[in-house]
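Input: a single structure, listed below in C-alpha cells.
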Amino acid sequence: MVERPSILLVTLDTTRADAIGPDAKGVETPSFNALVPQGMRFRAAYCAVPQTLPSHTSMMTGLYAGGHGVHENARHLADTTPLLAERLHAAGYKTAAFISAFALAKRFGLARGFDVWDEDFGDNRAERNAQETTERALAFLHQQHPSQPLFLWVHYWDPHYPYTPPEPFRTKYAKNLYYGEVAFMDQQLGRLVAAFRQSAKQPVAMIFVGDHGEGLGEHGEQQHGNLMYQATMHVPLLLVGPGVKAGTSDTPVSTRRIFHTILDWAGIDATNSLRGTGNEHVVAAEAMKAFLDYGWQPQVMAVEGTRKAILAGSLEVYDVAADPGETHNLAPGASLTREQRATLRDYPIPSLAEASNATAPADAEERKKLASLGYVTADVKPVVRKDAPRPADMAPLFPILDEAAALFVREEYAKSIPLLQEILVKDPHNLDAALRLATAESALGRDQEAVAAYERAQAIAPDSPDVRTYLALHYAKTKDWQKAEPMLEQVLAQTPDKVPAIEALAMIREREGRLPDALALLQKLYTLRAPSGDELAHLGALAMQVGDTNAAVAAFEKVPGHDLELGVLYLDQHRFPEARDALDRVPPSHPDYPMVLFKRAQVAVLLHEPDAPARIEAAKQHANAMTRELIAHERLFQ
Ligand SMILES: [Zn+2]
C-alpha cells in the first residue's frame with residue numbers, strides 16, 4: 001500500500017491568479033515560484049463564490065454553494081453537511097487549522113473535524129497577519145511527533161483590503177500595496193512550507209490556492225464579492241505531492257475539487273480528484289450577495305474551455321483566452337454548448353427565505369467585527385422585481401453601499417444618511433437602504449424624517465413585515481407609542497417569532513400595566529434568543545410582581561446577586577432549607593439588608609433553629625420603616 005501523505009492546504013485570501021507565480025508582473029513571489037517546478041499548476045482554476053466563507057466552504061465540502069447553502073459571509077453551514085476534516089480525522093489523520101480572519105471563525109461552521117482550531121487574533125481584533133499565523137503554525141509543527149499523518153490547513157488573509165504590508169514590503173511596493181501584501185504573505189509561506197516538510201510525517205503533499213481574487217478597479221469593482229469577472233473568479237492553484245506530475249494544465253477546474261483531491265491522497269476516495277483524469281466539462285460558480293442583500297439579479301457562471309458565460313438577467317459570453325479583460329461580449333451570437341446552457345439554467349437560485357434563515361445569529365460585537373473586515377450583510381429580505389438591475393451595471397454603487405452599511409453598523413448614523421439617500425436615488429427599490437435610512441433618522445430622534453422614510457420603505461414593500469416592525473419600533477420609543485401596539489400585534493400574527501417585534505410589544509404591555517402579557521412575551525422571547533443577566537433579573541422581578549413564583553425562581557437562579565429574591569421565593573414555596581441558604585449568601589452590604597434579617601428570622605422560626613429568638617432580636621434592632629411594620633404583625637414572632 002502506498003504511504004498516505006501528510007497534507008498541507010494553504011488558502012491565500014484575495015489573491016488574484018496573476019498576482020503570484022512566475023508569470024506575475026510587478027510582484028516577486030520567490031517562495032511560491034520555487035514550488036511551481038515541483039507540481040501541477042492549474043492556470044484556469046475558478047473559485048466557487050468570490051467571497052471568503054462560501055469559497056472555503058466549497059473547498060471543505062466539495063460542493064458548490066447551491067449545494068452547501070453558504071451563499072455569502074456571515075452565514076452558517078448546516079451541522080449535518082460532512083466536512084473534509086471530519087473525513088480525514090475518521091481515517092486516522094491528525095487535523096489542525098490556523099485561521100487569519102474572523103470571516104472564517106469557528107461559529108460559521110467549518111471547524112468540525114479539526115483536533116486543533118486556532119483563531120486567536122488577540123484582543124478585539126478580527127484578523128492577524130501571515131507572520132503571526134505562521135508563528136502559531138510553526139509552534140504547533142515543532143511539537144509534532146511524526147508518527148501520524150497530518151492534515152494542516154493554514155489560511156492567510158493579508159492581501160485583503162486595506163493593504164498595509166509591513167516593511168520592507170511597504171516601501172518596496174509603495175506604488176502597489178496590494179502586491180506588497182502578496183509578497184509579504186509569500187515570504188511567510190516559504191517558512192511554513194520548510195517547517196511542514198521538516199516536521200510532518202513523510203511523504204508530504206501540498207495545495208496552494210486563492211479563495212477569490214480582487215477587482216482592483218476592473219469592471220468598476222475595487223474589491224470582490226459582487227461581480228464574476230476574471231479579476232475575482234480566476235485564482236492561483238498549485239498541487240505538489242505523490243501522483244502529481246509537474247507541469248501546467250489549462251483545463252478549467254473548480255477549487256471545490258480540493259476536497260476530492262485531498263480525499264484521494266488520503267486513500268479514501270479518488271472520485272473527482274484533480275490528480276486523475278475525469279475532468280468536469282463545465283465549471284460553475286455563483287455570486288448571490290447583491291441578490292440576497294438588495295434583490296438584484298442573481299449571478300451564475302459556467303466555463304467550458306476558454307468560453308465563459310455569466311448569466312445575470314441577461315447573458316454575457318467571453319473568450320477568456322483571447323480577451324482576458326472580458327471587454328468584448330460575444331453574446332448573443334456566441335454558441336454555448338448544451339452542457340453549459342444546462343449548467344446556467346439548472347443552477348439552483350437560493351430562495352430568499354431559506355437564505356436569511358441560514359444567517360448565523362450574530363450579536364452586535366460580531367457584526368462590528370465583520371464590518372471591520374468590510375463585510376456587512378443586509379438585515380431585511382429584499383424586494384424581488386422583474387426589472388431588478390444587473391450587478392455589473394451598478395458597480396459605481398458598490399463602495400457607497402459598503403461604506404453606508406459599515407457606518408450604519410458602527411452606529412454613525414448622521415454620516416450614513418447622505419450615503420443612504422444617494423443609494424436610493426440610484427436604486428430606488430433598495431429596501432435595505434430605505435429601512436436603514438429610516439432607522440438612522442429614528443435613532444437621531446428626527447421623528448418627521450423617520451416617518452417619511454418608513455413610508456417610503458412601505459411604498460417599496462407594502463406587505464413587508466420587516467417594514468411594519470421597524471416603523472412600530474420607531475413609534476414604540478416616541479410619545480406615539482400607542483400607535484405601535486396594533487402594528488406589532490399584526491406583525492406577530494403574521495410572523496410569531498419576530499424577535500424585535502416581541503421585544504417592543506413586551507415593553508408596551510409593561511407600560512400599559514398588562515404584566516402577565518408582558519411576562520408571557522418575554523418568556524417566549526428568551527426561547528428565541530438568550531437573555532442577558534439584566535434581562536433575566538428583570539424577568540424575575542416581573543414574575544414576582546405577577547405572582548408567578550416558579551417563573552421568578554427559574555429566572556433568578558440563573559443570575560448571581562439575587563439571593564434575597566430567591567430567599568423570599570423559596571420561603572413562599574415552603575423550601576425552607578434553600579431559603580436559609582439563599583438568605584445566608586446575601587452580604588450585609590445589601591441595600592435591603594433589614595429585609596434579609598426579617599426573612600432569615602422567619603426561616604429560623606420555621607426550621608426551629610435554636611438561635612431563632614436572637615435572629616428576631618437582630619431583625620428588630622436593624623429594622624427600617626418597612627420591616628418594622630412587618631415584624632409588628634408577624635405571628636411567627638409572637
Ligand atoms: Zn477571501
Side-chain angles (χ1 to χ4, degrees), residues 9-20 45-61 64-65 68 70-77 97-111 119 121 125-130 133 153-165 177-179 181-182 184-186 188-189 207-216 218 221-237 254-256 258-259 285-290 301 360 369-377 398 402 406:
L9 170 63
V10 184
T11 57
L12 311 164
D13 215 290
T14 322
T15 302
R16 290 169 58 117
D18 61 6
I20 194 165
Y46 290 88
C47 61
V49 180
Q51 238 195 358
T52 305
L53 178 66
S55 173
H56 281 90
T57 305
S58 286
M59 297 183 216
M60 296 300 165
T61 61
Y64 288 123
H68 60 62
V70 178
H71 300 280
E72 60 178 337
N73 284 337
R75 293 182 188 270
H76 187 271
L77 179 68
F98 292 80
I99 299 307
S100 294
F102 182 71
L104 293 175
K106 185 174 187 176
R107 67 189 317 288
F108 301 116
L110 295 182
E119 60 172 43
F121 311 128
R125 291 171 66 206
E127 59 183 291
R128 58 184 174 189
N129 72 24
T133 302
W153 169 28
V154 175
H155 162 248
Y156 288 137
W157 177 253
D158 304 74
H160 198 280
Y161 185 82
Y163 316 128
T164 53
L177 291 170
Y178 169 73
Y179 281 168
E181 293 274 31
V182 175
F184 167 56
M185 176 176 72
D186 179 79
Q188 299 302 315
L189 177 72
I207 298 187
F208 308 90
V209 63
D211 71 334
H212 51 74
E214 184 79 321
L216 300 180
E218 287 185 38
E221 185 176 40
Q222 282 304 324
Q223 297 176 40
H224 56 271
N226 288 303
L227 300 180
M228 302 200 81
Y229 298 106
Q230 294 297 81
T232 61
M233 300 307 295
H234 182 205
V235 293
L237 173 60
S254 170
T255 57
R256 77 186 176 108
I258 285 170
F259 172 87
E286 65 161 64
M288 298 293 171
K289 179 175 158 51
M301 179 196 89
K369 270 191 192 172
L370 283 166
S372 81
L373 300 176
Y375 292 130
V376 185
T377 49
F398 295 146
D402 287 344

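Start at 1 and go down the list; that is how both ligands and their atoms are numbered. Bear in mind that the values here come from a model prediction, so they are computed numbers and not experimental data. All heavy atoms count here, side chains included; hydrogens, waters and symmetry mates do not.
In this structure A105 satisfies the side chain to side chain contact (heavy atoms under 4.5 Å, CB included) test together with F102, R107, F108, E119, sequence neighbours excluded. In terms of the salt bridge (Lys or Arg N to Asp or Glu O under 4.0 Å) criterion, residue partners of R16 (sequence neighbours excluded) are, by chain and number, D18, E218.
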| query | Under the side-chain contact (heavy atoms from CB on, under 4.5 Å) criterion, do Y46 and M301 qualify, and how do the steps go? | reply | CA-CA 10 Å; Y46 290 88; M301 179 196 89; 3.8 Å; yes

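Within the 3.5 Å criterion, the main-chain N or O of S100 finds a donor-acceptor partner in the side chain of H155.
The angle that H212 NE2 and T52 OG1 make at the Zn ion (ligand 1), rounded to 10°, works out to 110°.
Within D13, OD1 is the N, O or S atom that lies nearest to the Zn ion (ligand 1). Taking the N/O/S atoms of D211 in turn, the shortest distance to the Zn ion (ligand 1) belongs to OD2.
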